[in-house]
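Here the structure is laid out as structure tokens; the discussion comes afterwards.
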Amino acid sequence: MIESPCVACCKLDSAKVCIGCYRHISEIVDWNRRSEAELAAIMQQVAARKAAYQQQNISNITTSPITQAEWQAAKQASKRSQD
């Protein structure tokens, strides 16, 4: 299984992308349920996001910790898309 890129620094920007691991919240909440192919595709997106963010001045990006409500909403959305 592909290791999670989590660096235990969960801070979401306005697009709900974590600036610690560069995954979207929807990719974070169901990481362990994804297939190897899905994880590989996410890791490609992570690399592209990381490169794009590094070209910006990250210190100017407004972030907030993932809230329980955001986590629950992302989990519910994930469940709906799997049904």
Side-chain angles (χ1 to χ4, degrees):
M1 177 159 186
I2 296 174
E3 291 283 326
S4 167
C6 180
V7 295
C9 177
C10 298
K11 294 181 183 173
L12 301 178
D13 67 8
S14 61
K16 302 297 182 205
V17 172
C18 175
I19 64 162
C21 68
Y22 302 100
R23 290 180 294 169
H24 187 270
I25 191 171
S26 64
E27 298 164 341
I28 295 169
V29 298
D30 64 354
W31 180 263
N32 293 326
R33 293 190 183 111
R34 304 267 186 159
S35 69
E36 288 290 314
E38 290 172 315
L39 295 177
I42 290 169
M43 290 304 293
Q44 287 181 335
Q45 292 173 342
V46 163
R49 286 184 196 129
K50 184 175 182 177
Y53 278 70
Q54 287 178 337
Q55 291 179 358
Q56 302 175 38
N57 184 353
I58 284 187
S59 63
N60 291 336
I61 297 174
T62 302
T63 63
S64 62
I66 296 175
T67 65
Q68 183 73 16
E70 288 173 316
W71 184 269
Q72 292 301 323
K75 287 293 258 188
Q76 289 300 318
S78 174
K79 283 175 116 176
R80 283 191 299 273
S81 70
Q82 292 173 2
D83 291 341

To the nearest 0.5 angstrom, please state how far the [atom1] atom of [X] sits from the [atom2] atom of [Y].
X     : Y     : atom1 : atom2 : answer
Arg23 : Met43 : CZ    : CE    : 8.5 Å
Ser4  : Asn32 : OG    : CG    : 7.5 Å
Ile25 : Thr67 : CD1   : OG1   : 7.0 Å
Lys11 : Ile61 : NZ    : CD1   : 12.0 Å
Ile66 : Gln72 : CD1   : CD    : 12.0 Å
Ser26 : Lys75 : OG    : NZ    : 11.5 Å

Would you say Trp31 ends up clustered with Leu12 if hydrophobic residues are merged whenever their side chains have heavy atoms under 4.5 Å apart, either directly or through other cluster members?
no
Would Met1 and Val46 show up in the same hydrophobic cluster when neighbours are defined by side-chain heavy atoms closer than 4.5 Å?
yes
Locate the shortest heavy-atom distance separating [X] from [Y]; write the atom from each residue and the value.
X     : Y     : answer
Val17 : Tyr53 : CB-OH, 3.5 Å
Arg49 : Tyr22 : NH1-O, 2.8 Å
Cys18 : Cys10 : SG-CA, 3.8 Å
Ser81 : Ser78 : OG-O, 2.9 Å
Pro5  : Cys21 : O-CB, 3.5 Å
Val7  : Gly20 : CG2-O, 3.4 Å

Do the non-hydrogen side-chain atoms of Glu27 and Gln45 ever get within less than 4.5 Å of each other?
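Glu27 reaches Gln45 side chain to side chain.
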Any non-hydrogen side-chain atom of Arg34 less than 4.5 Å from a side-chain atom of Ile2?
no
I'd like to know whether CD of Glu3 has more than 12 heavy-atom contacts from other residues, nucleotides or ligands below 6.0 angstrom.
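No - once you tally the heavy atoms of other residues, nucleotides and ligands closer than 6.0 Å, there are 12 at most.
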